[in-house]
Amino acid sequence: MSNLQKGPLYLTNTLTRKKEEFIPLRPPHVGLYVCGPTVYSDVHLGNVRTFTTFDLLYRWLMHLGYKVRYVRNITDVGHLVGDVDEGEDKIAKRARLEQLEPMEIVQKYTNGFHDVMRLFNVLSPSIEPTATGHLIEQIEMVKRIIESGYGYEANGSVYFDVPKYAQKHAYGELSGRKIDELITNTRDTEGMDEKRSPLDFAIWKRAEAQHLMKWPSPWGEGFPGWHLECSAMSTKYLGQTFDIHGGGMDLKFPHHECEIAQSVAADGHAPVRYWMHGNMLTVNGRKMAKSEGNGFTPEELLTGNHKLLEKGYSAMTVRFFMLQCHYASTLDFSNAAMQASEKGLERLMAAMGTLEKLRPATNADPGQDEAVRGLAQRCHTAMNDDLNSPVMIAELFEAVRLINSANDGKVALGATAIEELRSLMNAMVFDVLGLRTEAAAAGDDTALDGLVQEFIRMRAEAKARKDFAASDRVRDQLAALGIVLKDTKEGTTWQRA
RNA sequence: GGUCGCGUGGCCGAGUGGCUAGGCACAGCUCUGCAAAAGCUGCUACAGCGGUUCGAGUCCGCUCGCGACCUCCA
């Protein structure tokens, strides 16, 4: 747990809008809850950004030595289309369109989500609870809210009484909203006479006879409200008060605001100590969203088969691109930016390979030991400063220069410096940033390597007899097949273009 | 309309009272049979206008432009 002693971690708490020192309730344990996807359609790149952001947080907390219980839910019921409380359930609608059981839809898109997470090397959470798996907990929570006087039943549905809650509690404190302004700004909502106020939201919803996803409850057959599952499941697995709750910026209101209200109403205190919100991925300056039609799926990204894509990009290129931007800033997707990240990642990963082969210099410069320690310290400080991965990556490129200079014999690194550099780079690049080599992702290249090595020998022989036409032909032919040769002092190496 | 945020060099993006972020691109050099790779060097910006300050991308005000949320969205 030595890392825990290396200075405090600061996180921007979106509840207070300040950078605060992170102090867990029960160290070394940390409770982390992140709103997961509603599994009614394919995830797009914007979704991936949020999960990558909290993957970085999860990885950094573990790197610091914390024992993290990371809960990320799957929403498989209750999330309605269009107008709150009047729209159709998203999953039920999709089931009707695809002529499948709702649970087939849930399974299909849950599988797809998991595939995408694996592709982008996003770690699995400790617990991945589903809303339908926690109906009892949700019903119990509705009961507690009714008992506390903040929930009321109307025609088989149960609503949360927002104006009443706001009299005693700070409804809107997370999203910076004032109850009066909310009432003023609410547009006309027709057919909602069950609700006492347009601000009220359903915590339990009556199901019509033809509704496919419904369960018995004290108020008749129905299904839980969308906001409720997160409150019920975070309470169950992390306790009534826990350390960190994350999610996309667009969930701040009303979703997270409602979560706070539900927990306060049911259990009497605020559920979360640090709220964190990841910012949006934009395309041409606009939020990537299904409704904008500007989203592309990971598959389209990889193949480049989309009108916004000049070519395909690997998942690791995209991950690296995202991590080069601070999570709280909007990030604009562009082909030029992607290609810049692609090149940068390639250089970083090449240096990782070089570092593995680096031998200590005989005339080691002891000053370099200190330089490496400084790098490590600055990486650590950057990440502790609200997960500043872009600054940490900038430091990694300083390390890249050091590695390459050492490889060229321009800097003399001793055994200690090399060991510490390896330890630092492996930790930051693989464990914390969660990058991996494309070869590792693609599989084994042993046969191909054997073939290419044979061509490299042929080319070396041609070069030895100064037959450059022949040697260039080998190189050009391989290049045409996507195999790039590089001559170094130690011989020729190859890699995929 | 309300609330919040943003505007940084050719592009992407950190920083946030005084000191070169970094990546990509571009130019020159070194190395090389030639390339590629790598290293070195160069290009040095903070939307505009005013103010505070010894000193402002950094704080304050105004103007312009853009976005997010306020309705499902990560």
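Throughout, a chain's letter reflects where its sequence line sits, starting with A, and its residues are numbered from 1. Computation of the quantities below employed the complete heavy-atom set of this structure, encompassing side-chain atoms and omitting hydrogens, waters and symmetry-equivalent molecules.
Among the protein residues, A:S329 comes within range of the sugar-phosphate backbone only, with heavy atoms under 4.0 Å from sugar or phosphate atoms but none that close to a base. A:L396 comes within contact range of no nucleotide atom at all, as no heavy-atom separation falls under 4.0 Å. Among the atoms of the strands shown, only primed sugar atoms or phosphate atoms (P, OP1, OP2) are found under 4.0 Å from some heavy atom of A:A337. The residue A:F468 sits close to a base: some heavy atom pair falls under 4.0 Å. Among the atoms of the strands shown, none is found under 4.0 Å from any heavy atom of A:H277. Using a 4.0 Å heavy-atom cutoff across all strands shown, A:M288 reaches at least one base atom of the nucleic acid. Heavy atoms of A:G46 sit under 4.0 angstrom from at least one base atom. As judged by a 4.0 angstrom heavy-atom cut-off over every strand, A:K463 is placed among the base-contacting residues. Residue-level contact check: A:E398 touches the backbone only, with heavy atoms under 4.0 Å from sugar-phosphate atoms and none from bases.
For the residue pair A:Y171 and A:K178, no side-chain donor N or O sits within less than 3.5 Å of a side-chain acceptor on the partner.
Under 3.5 Å, the side chain of A:N388 and the base of B:G15 form no donor-acceptor pair of N or O atoms.
For B:G39, one of the phosphate oxygens OP1 or OP2 lies less than 4.0 angstrom from a side-chain nitrogen or oxygen of A:R347. Here A:N404 reaches the OP1 or OP2 of B:G39: one of its side-chain N or O atoms lies under 4.0 Å away. Contact check, A:K287 against B:C69: a side-chain N or O comes under 4.0 Å of OP1 or OP2. Between A:R177 and the phosphate of B:G2, there is no side-chain N or O to OP1/OP2 separation shorter than 4.0 Å. The side chain of A:R378 places no N or O atom within less than 4.0 Å of a non-bridging phosphate oxygen (OP1 or OP2) of B:G22.
Atom name C1', nucleotides B:G9 and B:C46: the rounded distance is 8 Å, in whole Å.
Side chains of A:V391 and A:D385 form no contact here, defined as non-hydrogen atoms less than 4.5 Å apart.
Residues of residues 31-41 of chain A that place a heavy atom closer than 4.0 Å to RNA chain B do not occur.
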Pair pattern of RNA chain B in dot-bracket, where unpaired bases get dots and | marks partners in another strand, Watson-Crick or G-U under 3.5 angstrom: (((((((..(((.....[...))).(((((.......)))))....(((((..]....))))))))))))....
